[in-house]
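Model, not experiment: these values are computed from the prediction.
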Amino acid sequence: PGINETSLAQPALFLCEYALAQLWMSWGVKPAAMIGHSIGEYVAAHLAGVLTLADALALVAGRGRIMQAMAPGAMAAVHASRARAEPLIQGLAEIAAVNAPTLCAIAGQKTHIAEALRRLGQAGIETAELKTSHAFHSAMMEPALPEFRQVLEGVKLSEPAIPYISNVTGTWITGVEATSPEYWCRHLRGTVEFAKGIATIASDQTADFLEVGPGVALSTIARMSLPKSRQVATLSSLPRPGDGEADRARMLEAAGRLWVSGVPYNWPAMHAGPEARRIHLPTYRFERHR
């Protein structure tokens, strides 16, 4: 099986995001607030103390396995607002995610998605099919809910110690929601309200945004939801796959930009490791300080 299969992709994504978060925190970068996109909310929940690492891994692995067993489906990106796209896809597909004010994802049966894309194209709306085997966050996931609810019964859910955004509501998660198995079922089935969540965090005019995961997709769509007047950093931890940039170079560039924005660092921890070395820099000749 390939890594793109849901049963493998979801745990791999969780582990990548978790490992990056641990690296950033070891460097002294502590999250004041968090937002995930679908599986990313499980990472936020673990970091906030809602789930132990073992329980988070069990949930993510079980979720991926159960969703993999659902009937195949299709998804597509739609470059339009929800209000404009929804009437055109009615009866064919659902809005699976609202990623930005003018960017949605739709999900449904393959033949229905094809017809939905035809209708959207006739209306002059740009679309792109997504590389996915299933129709996530749609009615095609409803048969997964009873078994997933059983998996949830085997884990302990605690109230969050760090604020994070709910994909279901687009606003701050509550203790009641975070500790409710029914909430996590709604999270699997319902629309991802990512744009609304970014807008909620952006009400803090000083908040910098750091994507903690592979690629640049979330930082890109986050910028689409932010007013152009905001002068805060919106950065990614890793480069886009295939663009030729080294992972470490992107990490250090993001670290430098966050430092310029006022984020403190644990410098000794950041420069530890086999690659650390002392280099000479130009100095004032009578003040040679190491």
Side-chain angles (χ1 to χ4, degrees), residues 6 9-10 35-42 44 63 67 70-145 148 164-174 177 180 182-203 209 216-228:
T6 302
Q10 292 193 11
I35 180 172
H37 192 290
S38 193
I39 203 69
E41 187 165 327
Y42 286 80
R63 184 182 190 266
M67 293 170 77
M70 296 298 102
M75 299 182 71
V78 177
H79 292 262
S81 67
R82 180 178 194 162
R84 188 180 179 200
E86 208 156 29
L88 295 170
I89 66 169
Q90 197 165 14
L92 295 172
E94 294 179 59
I95 301 293
V98 181
N99 292 323
T102 57
L103 181 64
C104 300
I106 62 173
Q109 296 181 20
K110 291 183 179 181
T111 55
H112 290 175
I113 289 293
E115 174 59 21
L117 296 185
R118 188 189 67 79
R119 288 187 190 177
L120 291 163
Q122 286 183 333
I125 297 174
E126 183 181 349
T127 62
E129 292 189 57
L130 299 177
K131 294 180 180 179
T132 179
S133 58
H134 292 75
F136 302 126
H137 298 283
S138 75
M140 295 189 73
M141 290 293 111
E142 286 189 11
L145 299 183
F148 184 57
Y164 69 90
I165 296 291
S166 159
N167 283 171
V168 176
T169 64
T171 189
W172 302 108
I173 192 86
T174 67
E177 289 169 335
S180 166
E182 190 58 37
Y183 168 82
W184 291 102
C185 289
R186 288 164 53 211
H187 179 272
L188 186 154
R189 163 66 178 87
T191 302
V192 178
E193 298 287 356
F194 187 76
K196 190 182 293 184
I198 290 293
T200 298
I201 297 178
S203 62
F209 292 83
V216 301
L218 295 189
S219 52
T220 300
I221 60 178
R223 290 189 197 99
M224 296 172 65
S225 297
L226 295 171
K228 293 183 179 180

Would you list the pairs meeting salt bridge (Lys or Arg N to Asp or Glu O under 4.0 Å) in which at least one residue belongs to residues 87-104, sequence neighbours left out? Glu94-Arg189
Got a sec, which pairs hit salt bridge (Lys or Arg N to Asp or Glu O under 4.0 Å) with one end in residues 112-129, sequence neighbours left out? Glu115-Arg118, Glu115-Arg119
Can you confirm whether [X] sits close enough to [Y] that some side-chain heavy atom of one is under 4.5 Å from a side-chain heavy atom of the other?
{"X": "Leu103", "Y": "Ile221", "answer": "yes"}
{"X": "Met141", "Y": "Met70", "answer": "yes"}
{"X": "Cys185", "Y": "Leu188", "answer": "no"}
{"X": "Thr171", "Y": "Ser166", "answer": "no"}
{"X": "Phe209", "Y": "Ile35", "answer": "no"}
{"X": "Thr102", "Y": "His79", "answer": "no"}

With sequence neighbours excluded, residues passing side chain to side chain contact (heavy atoms under 4.5 Å, CB included) with [X]:
{"X": "Ala96", "result": "Met75, Ala107, His137"}
{"X": "Ala9", "result": "none"}
{"X": "His112", "result": "Leu92, Gln109"}
{"X": "Ala123", "result": "Leu88, Ile125"}

Between atom [atom1] of [X] and atom [atom2] of [Y], what is the distance when rounded to the nearest 0.5 Å?
{"X": "Ser38", "Y": "Phe136", "atom1": "OG", "atom2": "CZ", "value": "8.0 Å"}
{"X": "Arg84", "Y": "Cys104", "atom1": "CZ", "atom2": "SG", "value": "11.0 Å"}
{"X": "Leu218", "Y": "Asn99", "atom1": "CG", "atom2": "CG", "value": "8.0 Å"}
{"X": "Tyr183", "Y": "Thr174", "atom1": "OH", "atom2": "OG1", "value": "8.5 Å"}
{"X": "Leu130", "Y": "Ile106", "atom1": "CG", "atom2": "CD1", "value": "9.0 Å"}

Please tabulate, one pair per line, all N/O donor-acceptor pairs under 3.5 Å involving side-chain atoms of residues 191-203, not counting sequence neighbours.
unit_1: Thr191; atom_1: OG1; unit_2: Ile95; atom_2: O; d: 2.8
unit_1: Glu193; atom_1: OE2; unit_2: Arg82; atom_2: NH1; d: 2.9
unit_1: Thr200; atom_1: OG1; unit_2: Gly170; atom_2: O; d: 2.8
unit_1: Thr200; atom_1: OG1; unit_2: Lys196; atom_2: O; d: 3.0
unit_1: Ser203; atom_1: OG; unit_2: Thr200; atom_2: O; d: 2.6

Counterpart residues, side chain to side chain donor-acceptor pair (under 3.5 Å), relative to [X] (two or more places apart):
{"X": "Ser219", "result": "Glu211"}
{"X": "Glu86", "result": "none"}
{"X": "His187", "result": "Glu41, Asn167"}

Test ring pair (Phe, Tyr, Trp, His ring centres under 6.0 Å) on Trp184 and Tyr42 and set out the steps. CA-CA 10 Å; Trp184 291 102; Tyr42 286 80; 4.8 Å; yes
For Glu177, salt bridge (charged side-chain N to carboxylate O under 4.0 Å, His left out) partners two or more places apart: none
Between [X] and [Y], what is the shortest heavy-atom contact and its length?
{"X": "Met224", "Y": "Ala100", "result": "CB-CB, 3.7 Å"}
{"X": "Ala139", "Y": "Pro143", "result": "O-CD, 3.8 Å"}
{"X": "Thr132", "Y": "Ala74", "result": "CG2-C, 4.5 Å"}

